[in-house]
Amino acid sequence: MSIDPASIPNFGGQPEPQASGPAGPVVPDQDLVKQLLEQMELKYVVDEEGDLAAPWEEFRTYFMFRGEAEQQVFSVRTFYDRPHKLEEKPQLLETIDDWNRRTLWPKVYTHTHDDGSVRLIGEAQMLIGTGVALEHFVSSTVSWVRASIEFDKWLLEQLGLEQELEGEQGDDEGDAE
């Protein structure tokens, strides 16, 4: 199965891919997601558990298939690597509650690690077991990836951490020279 280029929203000004897709519902699989990521010009890896992941500087987005047959679910889950202090959790919860009220995806929640650090996880899911329209699957997946990236930027702005991002970009530029 291949992806119809007209069904892929423009992702950061990337050129439209050249392919065509089936007319009826499809049951997406990891190969389809790999093809989509390649057409979006995003790097990806398959981890030791067999899950597909696209790494960014401060987070990783996983594309996972869970469940059996008609109950199979496709999940796009983003693990944000920036640690937050446990005492910051109330403010963090208030901030992500605001995001969750305003947006459809990703829905974001906290995870407190054994060392006391708090990290964020964003998630969106789609029931795919009986098949979905390819265009719907592609546009949803692309939207979820874009929203995961936007959430990270939004959170930095909300928490006043934009300088952290600017400082990292400045350090990266210095390393290139």
Side-chain angles (χ1 to χ4, degrees), residues 1-82 99 103-109 111 119-157 165-166 168-173 175-176:
M1 130 181 51
S2 58
I3 299 170
D4 177 5
S7 69
I8 299 177
N10 190 351
F11 189 83
Q14 300 299 326
E16 296 295 325
Q18 302 299 312
S20 61
V26 299
V27 178
D29 59 14
Q30 192 176 74
D31 288 337
L32 180 62
V33 177
K34 285 179 182 178
Q35 181 184 2
L36 177 57
L37 294 175
E38 288 167 2
Q39 291 189 18
M40 291 166 55
E41 297 183 10
L42 295 176
K43 294 179 184 175
Y44 62 86
V45 297
V46 177
D47 71 8
E48 58 278 350
E49 296 172 7
D51 290 322
L52 190 60
W56 273 267
E57 189 73 28
E58 294 292 333
F59 55 91
R60 300 164 323 278
T61 299
Y62 285 83
F63 304 87
M64 301 176 288
F65 296 88
R66 298 290 188 261
E68 301 297 323
E70 292 183 10
Q71 297 301 312
Q72 189 174 31
V73 172
F74 172 63
S75 177
V76 176
R77 192 174 294 167
T78 302
F79 294 86
Y80 296 94
D81 296 329
R82 186 176 295 103
W99 171 270
T103 64
L104 293 175
W105 55 73
K107 292 305 177 194
V108 181
Y109 53 93
H111 176 74
R119 299 243 165 96
L120 300 176
I121 301 168
E123 186 170 10
Q125 297 182 5
M126 176 189 306
L127 185 61
I128 60 168
T130 58
V132 295
L134 183 61
E135 184 175 300
H136 173 68
F137 178 79
V138 168
S139 64
S140 294
T141 302
V142 171
S143 294
W144 295 345
V145 169
R146 293 180 79 181
S148 295
I149 295 167
E150 288 304 312
F151 171 77
D152 190 58
K153 293 176 185 175
W154 178 86
L155 184 68
L156 288 176
E157 290 173 7
L165 181 62
E166 291 168 6
E168 289 171 3
Q169 289 173 344
D171 291 345
D172 291 344
E173 290 171 10
D175 292 343

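Checked against ring-ring contact (aromatic ring centres under 6.0 Å, His included), H111 has the following partners two or more places apart in sequence or in another chain: H113.
Taking 4.0 Å as the cut-off between side-chain N and carboxylate O, E123 and R77 count as a salt-bridged pair.
In this structure, the side chains of V33 and F137 come closer than 4.5 Å at one or more pairs of heavy atoms. Contact of the V108 side chain with the L155 side chain is not registered, since no non-hydrogen atoms from C-beta on lie closer than 4.5 Å.
Taking each heavy atom of T130 and V27 in turn, the nearest pair found is C-CG2, 4.5 Å. Scanning all heavy atoms of the two residues, the minimum distance from V142 to M40 falls at CG2-SD, 3.6 Å. Of all heavy-atom pairs spanning V46 and L52, the tightest one is CG2-CD1, 3.9 Å. Closest approach of A147 and P106 over heavy atoms only: CB-CD, 3.6 Å.
The ring-ring contact (aromatic ring centres under 6.0 Å, His included) test with Y80 singles out one residue from F151, Y109, W56, and that residue is F151.
Residue pairs satisfying the salt bridge (charged side-chain N to carboxylate O under 4.0 Å, His left out) criterion with at least one member in residues 124-133, sequence neighbours excluded, are absent.
We find the CE-OG1 distance between M126 and T141 to be 5.5 Å, quoted to the nearest 0.5 Å. Note that CD1 of I121 is 9.0 Å distant from CZ of R60, once rounded to the nearest 0.5 Å. In this structure, the separation between CG on L127 and CD on E70 is 9.5 Å, given to the nearest 0.5 Å.
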Pair up each side-chain donor or acceptor in residues 61-68 with any protein partner under 3.5 Å, not counting sequence neighbours, and list the distances.
from: T61; atom 1: OG1; to: T78; atom 2: OG1; distance (Å): 3.0
from: R66; atom 1: NH1; to: D51; atom 2: OD1; distance (Å): 3.1
from: R66; atom 1: NH2; to: D51; atom 2: OD2; distance (Å): 3.0

Discussion item. Please evaluate residues T103 and E150 with respect to the criterion side-chain contact (heavy atoms from CB on, under 4.5 Å), reporting the C-alpha separation (whole Å), side-chain torsions for both, the decisive distance (0.1 Å), and the verdict.
Written reply: CA-CA 11 Å; T103 64; E150 288 304 312; over 6 Å; no
Discussion item. side-chain contact (heavy atoms from CB on, under 4.5 Å), that's the test. Do Y44 and K34 meet it? Break it down for me.
Written reply: CA-CA 8 Å; Y44 62 86; K34 285 179 182 178; 3.7 Å; yes
Item to complete: Start with the C-alpha distance between Q35 and D31, add both sets of side-chain angles, then the distance that settles side-chain contact (heavy atoms from CB on, under 4.5 Å), and finish with yes or no.
Response: CA-CA 6 Å; Q35 181 184 2; D31 288 337; over 6 Å; no
Practice prompt. Starting from the C-alpha separation in whole Å, work towards a yes-or-no answer on side-chain contact (heavy atoms from CB on, under 4.5 Å) for F74 and V132.
Written response: CA-CA 11 Å; F74 172 63; V132 295; over 6 Å; no
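Remark: side-chain polar atoms of Q30 are paired, donor with acceptor, to backbone N or O of G50 under 3.5 angstrom.
Within a 6.0 Å sphere centred on CD of E38, other residues, nucleotides and ligands contribute more than 12 heavy atoms.
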